[in-house]
There are 2 protein chains.
Amino acid sequence: MATTELTVTISDAEWRVMRIVWTLKEADSRTIIDLLEQQHDWKPATIKTLIGRLVKKGALATTKNGRQFIYTPLIDEQSAMDTALITELNQMCAMHRGTSLAHVLDQLELSHDDVENLIDVLQKKLPTAPTMVDCDCLPEGCERSC
Amino acid sequence: MATTELTVTISDAEWRVMRIVWTLKEADSRTIIDLLEQQHDWKPATIKTLIGRLVKKGALATTKNGRQFIYTPLIDEQSAMDTALITELNQMCAMHRGTSLAHVLDQLELSHDDVENLIDVLQKKLPTAPTMVDCDCLPEGCERSC
DNA sequence: AAATTGAGTTTACATCCGTAAACGTAAGAA
DNA sequence: TTCTTACGTTTACGGATGTAAACTCAATTT
């Protein structure tokens with residue numbers, strides 16, 4: 001059985017590295033360092049540390065290529081994004097999630113196709129949507145003064 | 001001028017405390033500790049630490065009430081939620097945000113009213129939505145192989 | 001072959017966070 | 001008034017994170 005790294009946690013700084021590798025599909029450290037030095041004022045050593053941690057965490061795979069390595073993602077970008085968002089939302093009051101998402105959707109730049117897709121997803125939910133979602137901030141059986 | 005604490009960062013564990021206070025509008029430590037001991041297996045000391053940190057951070061205000069304090073939120077719940085989500089999204093590839101939100105909306109439990117409201121927000125965006133949102137994972141001027 | 005370069009590894013260190021015990025002190029009980 | 005309770009504060013400590021210098025070698029250059 002494999003190491004089943006389905007629960008890799010990626011920190012903010014590490015996320016920047018992953019985005020490069022996700023976008024390029026694969027990259028050597030030189031490429032990653034060059035690109036990130038342009039975006040942030042990180043020293044090469046800092047970026048090396050981040051790459052090293054991501055490899056140790058099982059977020060990046062390495063393939064020997066002569067003297068250096070080629071790094072490839074071991075976790076899926078879309079899944080990582082989905083998980084991060086869901087995790088964040090799950091930590092918030094269930095009753096207020098809808099409003100927050102409305103604010104987010106309002107402020108975010110989305111493509112025409114995305115907007116249509118989102119409307120579609122929501123339309124499908126309408127029939128089965130409950131009248132209201134209860135606040136889950138207090139333990140079971142407590143007064144809800146939301 | 002006041003201390004302008006508009007950028008208070010709340011950690012995961014602290015978020016649990018804030019949810020209690022947000023929901024109750026105000027609470028003394030006894031109440032907070034009792035409620036959180038039911039939800040988590042945190043020792044009272046742990047919860048005291050979290051409360052203390054939130055006060056120091058400027059997320060909670062204190063009002064003397066005889067021997068103890070009454071804690072009230074100094075930051076708005078909905079704003080905190082919005083900011084947390086937007087911050088999270090801003091750290092992800094712009095091109096993939098739409099898809100991720102679709103997954104989130106699909107999985108999340110939302111009230112009928114929320115769904116309608118969300119559809120409304122999206123419908124208003126449709127006319128001005130761009131054909132596509134570019135990937136912003138690489139520095140300006142790089143190839144985009146997304 | 002010797003010197004140099006550079007990729008990956010090790011070490012460093014301050015801060016934040018989760019988790020919690022210990023303590024000081026004022027209020028309430030005896 | 002003295003003892004006790006309990007609230008808020010101080011101290012603690014390991015792990016994660018941001019940030020980065022130093023070091024080890026193997027490959028490349030001279």
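Small disclaimer: the values here were computed from a predicted structure and weren't measured. Chain A is the first sequence line, chain B the second, and so forth, proteins listed ahead of strands; every chain is numbered from 1.
When the P atom of dA7(C) is taken as reference, atom CD of Gln68(A) falls 6 Å away, rounded to whole Å. What separates CD1 of Ile33(B) from P of dT19(C) is a distance of 15 Å, to the nearest Å. Regarding Ile47(B), its CD1 atom lies at a distance of 13 Å from the P atom of dG8(D), rounded to whole Å. At whole-Å resolution of the value, CZ in Phe69(A) and P in dA26(D) are 12 Å apart. Rounding to whole angstrom units, CG of residue Leu54(B) and P of dC16(C) are separated by 14 Å. Rounding to whole angstrom units, CG of residue Asn65(A) and P of dA7(C) are separated by 12 Å. In this structure, CD of Glu37(B) is placed 14 Å from C1' of dT19(C), rounded to the nearest angstrom. Computed from coordinates, the Ile51(B) CD1 to dT10(D) C1' distance equals 16 Å when rounded to whole Å.
Aromatic ring orientation, His40(B) versus Trp42(B): parallel (interplanar angle below 30°, classes split at 30° and 60°).
Side-chain N or O atoms of Lys125(B) include one that pairs as donor or acceptor with a backbone N or O of Asp106(A) at under 3.5 Å. Side-chain atoms of Arg19(B) come within 3.5 Å of backbone N or O of Gln91(A) as a donor-acceptor pair. Counting only distance, with no hydrogens or angles, the side chain of Trp22(A) and the backbone of Gln78(A) share no donor-acceptor pair below 3.5 Å. Of the possible polar contacts, none joining the Arg16(B) side chain to the Leu36(B) backbone as a donor-acceptor pair under 3.5 Å is found.
The shortest distance between the side-chain N/O atoms of Lys43(A) and the OP1/OP2 oxygens of dA22(D) is not below 4.0 Å. OP1 and OP2 of dA16(D) both lie 4.0 Å or more from every side-chain N or O belonging to Thr9(A). OP1 or OP2 of dA16(D) has not a single side-chain nitrogen or oxygen of Arg53(A) nearer than 4.0 Å. Of the side-chain N and O atoms in Lys57(A), one or more sit less than 4.0 angstrom from OP1 or OP2 of dT17(D). Taking side-chain N and O atoms only, Trp42(A) has no distance below 4.0 Å to OP1 or OP2 of dG18(D). Within the 4.0 Å cut-off from OP1 or OP2 of dA20(C), at least one side-chain nitrogen or oxygen of Thr46(B) is found.
Residue Arg30(A) places its side chain closer to dA7(C) than to any other of dG18(D), dG8(D), dA7(C). The side chain of Leu50(A) sits closest to dT19(D) out of dA22(C), dG8(C), dT19(D). Proximity note for Glu14(A) (side chain, C-beta onward) versus dT9(C), dT17(D), dC7(D): the nearest is dT17(D). Taking only side-chain atoms of Ser29(B), from C-beta outward, the nucleotide of dG8(D), dG18(C), dG18(D) with the closest atom is dG8(D).
Between the side chain of Thr49(A) and the base of dA20(D) there is at least one donor-acceptor pair of N/O atoms closer than 3.5 Å.
Backbone-only engagement by Asp12(A) is indicated by non-hydrogen atom pairs under 4.0 Å involving sugar-phosphate atoms exclusively.
Comparing Arg67(A) and Ala45(A) against DNA chain D, the residue whose closest nucleotide sits nearer the 5' end is Ala45(A).
Leu110(B) and Val133(A) end up in different hydrophobic clusters when Ile, Leu, Val, Met, Phe, Trp and Tyr side chains are linked at under 4.5 Å.
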